[in-house]
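For ligands, and for the atoms within them, numbers begin at 1 and follow the listed sequence. Residues: numbered from 1 along the sequence shown. Values in this document were obtained by computation on a predicted structure and should not be read as measured data.
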Amino acid sequence: MLRVENLSKIYPSGDSKVTALGGVSFDFEAGRVTAIIGPSGSGKSTLLNLLAGFDRPSSGRILHDSTEISKLSDAELADYRLRHFGFVFQNYNLVSILNASENVEFPLTLQGVPRAERTRRSKALLEQLGLGHRLTHYPSQLSGGEQQRVAIARALITNPSVILADEPTGNLDTRTGKSILDLLLKPATEGKTVVLITHDPAVAELAHTILRIRDGQALTGEF
Ligand code: ADP
Ligand code: ADP
């Protein structure tokens with residue numbers, strides 16, 4: 001389980017400050033997909049970036065199982081993220097000079113996994129995601145939905161216990177978006193913690209839990 005306690009993030013903005021998150025507490029449960037929803041500028045990306053350890057909270061704590069990740073040093077955090085977290089970026093963020101298989105292998109390279117095993121695992125996962133015929137294609141040769149599947153494969157290849165996704169279906173048509181969402185629902189059935197940001201009510205409806213954010217606050221209660 002991934003827990004945030006009284007999490008806040010304040011950005012400097014010229015001479016003043018912007019409170020992007022104003023003390024959010026929430027449990028992201030294992031085995032569930034949690035959708036973070038809320039208006040633009042409400043703090044969704046800030047929260048996801050803090051969960052991923054891409055950025056540091058101004059105050060509050062982030063706990064993953066028994067580890068307080070907000071207390072780790074930069075080097076420890078990078079190592080922890082590589083071992084436990086998978087991240088799916090909004091605009092895929094694939095490396096343009098690497099083909100689909102090489103993109104997926106990349107986190108394994110960082111983990112020091114030998115080449116033969118990397119290639120085998122990447123191929124097996126891409127085949128599972130229906131991309132067996134696209135292994136040596138470069139990102140520019142792939143459709144949006146295919147690029148997103150490669151990005152998801154890259155997030156899943158290390159078998160992380162937490163998967164974080166920023167608008168994973170954002171730029172895709174409804175049908176493609178639904179097939180992408182299925183790929184994120186499956187890890188939850190295997191006990192992983194899945195957190196995604198979405199603007200799409202149809203996507204949020206398929207999540208197990210909804211976290212509503214407004215003006216940097218988590219809204220609770222009935223709606
Ligand atoms: P959302 O993802 O819900 O659209 P964000 O988390 O991106 O919202 O932003 C929340 C607020 O924090 C907004 O007012 C935004 O302008 C501000 N903000 C986000 N990132 C930064 C940053 N790096 N520097 C300054 N202000 C930021
Ligand atoms: P979205 O509308 O998709 O949520 P965001 O508003 O979160 O997109 O912006 C995307 C990126 O820009 C984030 O990494 C965020 O940190 C950064 N960002 C957002 N607002 C600001 C800002 N006012 N100043 C600097 N960076 C910002």
Side-chain angles (χ1 to χ4, degrees), residues 2-29 32-64 69-74 77-78 81 85-94 144 147-148 151-152 154-155 160 162-174 176-177 180-181 183-185 188 193-223:
L2 187 60
R3 163 175 292 173
V4 300
E5 290 177 358
N6 208 12
L7 200 66
S8 58
K9 179 69 183 180
I10 297 165
Y11 291 109
S13 172
D15 291 340
S16 65
K17 288 173 175 156
V18 176
T19 302
L21 276 187
V24 170
S25 299
F26 195 78
D27 288 348
F28 299 90
E29 286 175 43
R32 299 178 82 86
V33 175
T34 302
I36 304 177
I37 64 168
S40 192
S42 57
K44 303 182 297 296
S45 303
T46 298
L47 176 56
L48 204 72
N49 287 339
L50 293 176
L51 288 175
F54 293 142
D55 204 355
R56 298 286 190 167
S58 303
S59 61
R61 308 202 302 163
I62 305 173
L63 297 118
H64 177 237
I69 54 178
S70 42
K71 253 193 180 165
L72 300 176
S73 70
D74 287 353
L77 185 60
R81 187 196 300 129
F85 285 43
F87 200 90
V88 181
F89 296 89
Q90 185 167 17
N91 41 17
Y92 323 133
N93 265 28
L94 299 175
Q147 290 183 59
Q148 188 60 302
I152 288 174
R154 182 179 56 185
V162 176
I163 296 137
L164 305 170
D166 192 351
E167 285 274 354
T169 63
N171 302 318
L172 305 172
D173 62 73
T174 307
T176 311
I180 291 296
L181 195 65
L183 301 181
L184 294 169
L185 285 164
T193 307
V194 180
V195 181
L196 58 87
I197 293 178
T198 187
H199 279 110
D200 185 347
V203 170
E205 210 166 81
L206 294 169
H208 303 106
T209 309
I210 291 182
L211 170 57
R212 286 167 205 269
I213 304 276
R214 188 169 300 162
D215 296 333
Q217 305 284 344
L219 302 183
T220 52
E222 294 298 315
F223 294 92

Query raised in the report: Is the closest heavy-atom distance from Gly41 to ligand 1 below 4.0 Å?
Result: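 Yes; Gly41 lies near enough to ligand 1 that a heavy-atom distance drops under 4.0 Å.
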
Query - Residues Arg61 and Ser70: side-chain donor-acceptor under 3.5 angstrom - result: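 There is no such pair between these side chains.
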
**Report entry** Check: Asp173/Thr176 side-chain N/O donor and acceptor closer than 3.5 Å
**Finding:**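 Asp173 vs Thr176: donor-acceptor pair found between side chains.
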
Report task. Would you mind listing which atoms of ligand 1 come within a distance below 4.0 Å of any non-hydrogen atom of Pro39? Result ->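 In order of numbering, the contacting atoms are 3 (O).
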
Query raised in the report: Atoms of ligand 1 less than 4.0 Å from Ser42 heavy atoms?
Result: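 So the answer, numbered in order with elements, is 1 (P), 3 (O), 8 (O).
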
Query raised in the report: Hey, what do you get for NZ (Lys44) to CD (Glu167), rounding to the nearest 0.5 Å?
Result: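 Rounded to the nearest 0.5 Å, the NZ-CD separation comes out at 7.0 Å.
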
Query raised in the report: Nearest 0.5 Å, what's the CG-CG distance between Asp55 and Leu47?
Result: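 Going from CG on Asp55 over to CG on Leu47, the span is 11.5 Å.
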
Query raised in the report: If you measure from atom 3 (O) of ligand 1 to every heavy atom of Lys44, Lys17, Lys9, which option wins on shortest distance?
Result: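 Among Lys44, Lys17, Lys9, the closest heavy atom to atom 3 (O) of ligand 1 belongs to Lys44.
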
Query - Asp215 atom CG: more than 12 heavy-atom contacts under 6.0 Å - result: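 Incorrect, the count does not exceed 12.
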
Requested in this report: Tell me which part of Val18 gets within contact of ligand 1: side chain, backbone, both or neither, using heavy atoms under 4.0 Å.
Outcome: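 The side chain, only.
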
Query raised in the report: At under 4.0 Å between heavy atoms, which part of Ser13 makes contact with ligand 1: side chain, backbone, both or neither?
Result: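 None of Ser13 does.
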
Query raised in the report: Once the angle between the rings of Phe54 and Phe89 is folded into 0 to 90°, is it parallel (under 30°), tilted (30 to 60°) or perpendicular (over 60°)?
Result: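 Answer is parallel, since the angle falls under 30°.
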
Query raised in the report: Backbone or side chain, does any N or O of Gly43 fall under 3.5 Å from an N or O of ligand 1?
Result: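 Yes - when backbone and side-chain N and O of Gly43 are compared with those of ligand 1, one distance drops under 3.5 Å.
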
